[in-house]
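Below, each value reflects all heavy atoms present in this structure, side chains not excepted, and no hydrogens, waters or symmetry copies. In what follows, chains carry the letters A, B, and so on, assigned in the order in which the sequence lines appear, proteins first and then strands, with residues in each chain numbered from 1.
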Amino acid sequence: MDAQTPHASDDANADADTDADTDTDADTDTDTDASTGSKLQEIIATRREKVAQLRAAEVEPYPVRFAPTASLADVRGRYPDLAPQTDTGERCTVAGRIISIRRMGKLTFVVLREDGVDLQLFCPRAALDEGSRALLELVDVGDWLGAQGEVVATKTGELSVKPTTLTLLSKGLRPLPDKWHGLSDTEARFRQRELDLVVNADARRVFELRAKVLGALRAEMEERGFVEVETPMLHPIPGGAAARPFVTHHNALEADLYLRIAPELYLKRLIAGGMPRVYEINRSFRNEGMSTRHNPEFTMLESYEAYADYHDVMALTESLFARAARAARGTTELSYQGRKVSLAAPFRRVSLLELVREATGRGELDYGTDLVELRAVCEQHQVPWEPAWGPGKLVLELYEALVEHTLWDPTFVMDYPVEVSPLARRHRSDPGVTERFELIVVGREHANAFSELIDPDDQRTRFEAQAEAKAAGDEEAMVVDEAYLRAMELGLPPTGGLGVGVDRLVMLLADVANIRDVILFPTLRPQQQ
RNA sequence: GGGCCGCUAGCUCAACUGGCAGAGCAUCGGACUUUUAAUCCGCUGGUUGCGGGUUCGAGUCCCGCGCGGCCUACCA
């Protein structure tokens, strides 16, 4: 009543206009839904008719504001177990979407849902004021409704609000999916995520968990003194990773720009600029294949820390993963797709070469092994190779084909070949490899990190090697980034860098197999009209 | 990109070897003052993803296309 009164008077003048609009809407509706079944059109038409009836009764179906005094969760929290048939004497005003209506003559039960919490409205006709009785006849499942009344428990002990006043907050025109079977069509769940969220508690659960993970990651970084920054997503040249970019065009600049494939180079320019600890959590974009583990836009946490090496970064990574697990699941001891996995530190540390030696049974292999022999080993394991590949790339291919998917428990795979790591510094005691690691969990890469390359001349040489590869047809090879080189020439302190695939971390913690289940609106092929 | 599978009412799903397109829920009408997927009575609802073909007859078989899922390949 407190929220309804002002609308009745405020909108009196506007009613003539809105009535006219309603009529046109009703006429055009059949056009917009002409391609769908007539039952849906009938349902929408019926609901529009109810909108018209409400307006005729001077009830605004789309009011401007409402002031609940309690959330449904508040009410539930205040009375965790009220005895059956109790009247608390406490009045409150609540709101939510109607997810169920059971009309039993002079008594109606309405179930509201708000933020994933359900609460029943116990509505004997006699308790309602006159306007609310009329309104109750015109509400449907899917509408938003406010209710003011007393908190009670029914004969069966169901906690309820027994309203004296009902306020329509928004009239829904489309039906909700089946209340029992829900919405299981995967395409509909991804394209109309709002329906998925209304109906499927699991969907809500995943995205609430995702928010907790992001909060935990930020909290850990903040506590360690890292400053969150935002660097460009529109890049004049793509850099920081080996990937094909999306290209776009800026009209005023008359220039092509690339959606970023990684924030890495900008973040390291900040280190050169004297910000000793920076991180960014945001989207990168890669114009490559899609799968259950790849969405074209995905979220990475990247961090850079002055004076640190990759051993320090491993410790940071362990803390981040363990903290995210505790925030999301309350423990580091998880189960993923039916199999146990522990995110408790320390994680296993092993070199890539060692893993390849084990997998191939060739203990003598290293990056000095003759190319002909390495190619033979590849063929022996059905790993395709290309003539342009050096020993580092061949060993990496063997690792990816034979080992990576077998590493279930968290494993830091260390010391990647220089050839495939153009931004990582050479190992302090073995110049053929870099101080780089990837973190593998449940057979998938979750993080990539290194002691950063800070020697500008070495970096230029590496960029030039990449440029040659690109000229030779490698579409994912990097290009020379002069702006970055200039920043390095200013002087980059020793730096430890980290990139974490946040979507994959959420998949791991939510025990979900498809990346599209952890992204609210995953990329899908556009629907043609 | 390749392979396999799927697409039927608003939602969830049936329909034998090619033989009248159905059910539950929801909607709509009716009864009902303690329900919990309320119950009961009655009704309505379809371009079987789209386009061709075979056939007396196609949801079903064939060809093409669209969209999605899973696996696979590249990547995080």
Using Watson-Crick and G-U wobble pairs whose two distances are both under 3.5 Å, how do you write the pairing of RNA chain B as dot-bracket, with | for links to another strand? (((((((..((((.....[..))))..((((.......))))......(((((..]....))))))))))))....
Distance in Å, [X] [atom1] paired with [Y] [atom2], rounded so as to fall on 0.5 Å steps:
X        : Y        : atom1 : atom2 : result
A:Lys162 : A:Gln148 : NZ    : CD    : 14.5 Å
A:Ser351 : A:Asp415 : OG    : CG    : 6.0 Å
A:Asn200 : A:Arg205 : CG    : CZ    : 12.0 Å

Mind checking the [atom1] distance from [N] to [M]? Whole angstroms is fine.
N     : M     : atom1 : answer
B:C43 : B:C25 : P     : 15 Å
B:G22 : B:C74 : C1'   : 46 Å
B:C4  : B:G42 : C1'   : 46 Å
B:U8  : B:A15 : C1'   : 10 Å
B:G10 : B:G30 : C1'   : 23 Å
B:G6  : B:C16 : P     : 14 Å
B:U60 : B:C7  : P     : 11 Å
B:G18 : B:U27 : C1'   : 34 Å

Could you check whether A:Phe347 and A:Phe412 have their ring centres less than 6.0 Å apart?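 Yes, the ring centres sit under 6.0 Å apart.
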Please report the distance, rounded to the nearest Å, between [atom1] in [X] and [atom2] in [N].
X        : N     : atom1 : atom2 : answer
A:His405 : B:C71 : NE2   : P     : 14 Å
A:Phe190 : B:G68 : CZ    : C1'   : 9 Å
A:Gln41  : B:C28 : CD    : P     : 16 Å
A:Asp185 : B:C67 : CG    : P     : 15 Å

B:G10 base / A:Asp178 side chain donor-acceptor hit below 3.5 Å: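 When only heavy-atom distances are counted, A:Asp178 does not reach the base of B:G10 through any donor-acceptor pair under 3.5 Å.
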Contact letters for nucleotides 30-35 of chain B, in which S counts primed atoms plus P, OP1 and OP2 and B counts the base, heavy atoms under 4.0 Å: --BBBB
Excluding sequence neighbours, so at least two apart, what forms ring pair (Phe, Tyr, Trp, His ring centres under 6.0 Å) with A:His235?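 Partners of A:His235 by the ring pair (Phe, Tyr, Trp, His ring centres under 6.0 Å) criterion, ordered by chain and then number, come out as A:Tyr266.
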With sequence neighbours left out, write down each residue that passes ring pair (Phe, Tyr, Trp, His ring centres under 6.0 Å) with A:Phe109, or none if nothing qualifies.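 Ring pair (Phe, Tyr, Trp, His ring centres under 6.0 Å) list for A:Phe109, sorted by chain: A:Phe122.
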Please name all residues satisfying salt bridge (charged side-chain N to carboxylate O under 4.0 Å, His left out) with A:Arg323, sequence neighbours left out, ordered by chain then number.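 Residues passing salt bridge (charged side-chain N to carboxylate O under 4.0 Å, His left out) with A:Arg323: A:Glu220, A:Glu223.
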Do A:Arg339 side-chain atoms and A:Val442 backbone N/O form a donor-acceptor pair below 3.5 Å?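 Not a single qualifying donor-acceptor pair exists.
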Check whether A:Thr411 reaches the backbone of A:Leu407 with its side chain - one donor and one acceptor, N or O, closer than 3.5 Å.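 Here the side-chain-to-backbone pair does not exist.
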Looking only at the side chain of A:Ser38 (C-beta and beyond, no hydrogens), which of the listed nucleotides B:G66, B:U72, B:G46 gets closest?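 So the side chain of A:Ser38 is nearest to B:G46.
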Of all the choices, B:G46, B:U12, B:U27, which nucleotide is nearest to the side chain of A:Ser184 once you look at every atom?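 Side chain of A:Ser184 sits closest to B:U12.
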Scan side-chain atoms only and decide if A:Asn282 and A:Arg260 contain a donor-acceptor pair under the 3.5 Å cut-off.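 Not at all, the side chains of A:Asn282 and A:Arg260 share no donor-acceptor pair under 3.5 Å.
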Would you say the side chains of A:Tyr416 and A:Glu438 form a donor-acceptor pair under 3.5 Å?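 Yes, A:Glu438 and A:Tyr416 have a side-chain donor paired with an acceptor closer than 3.5 Å.
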Within the structure, does a side-chain N or O atom of [X] lie under 4.0 Å from either OP1 or OP2 of [N]?
X        : N     : value
A:Lys39  : B:U47 : no
A:Ser100 : B:A37 : no
A:Arg191 : B:G68 : yes

Base, sugar-phosphate alone, or nothing: which one does A:Gly182 contact when heavy atoms must sit under 4.0 Å apart?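 Here A:Gly182 touches the backbone only, sparing every base.
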Within residues 390-401 of chain A: residues closer than 4.0 Å to RNA chain B (heavy atoms):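 Per residue number, the list reads A:Glu400.
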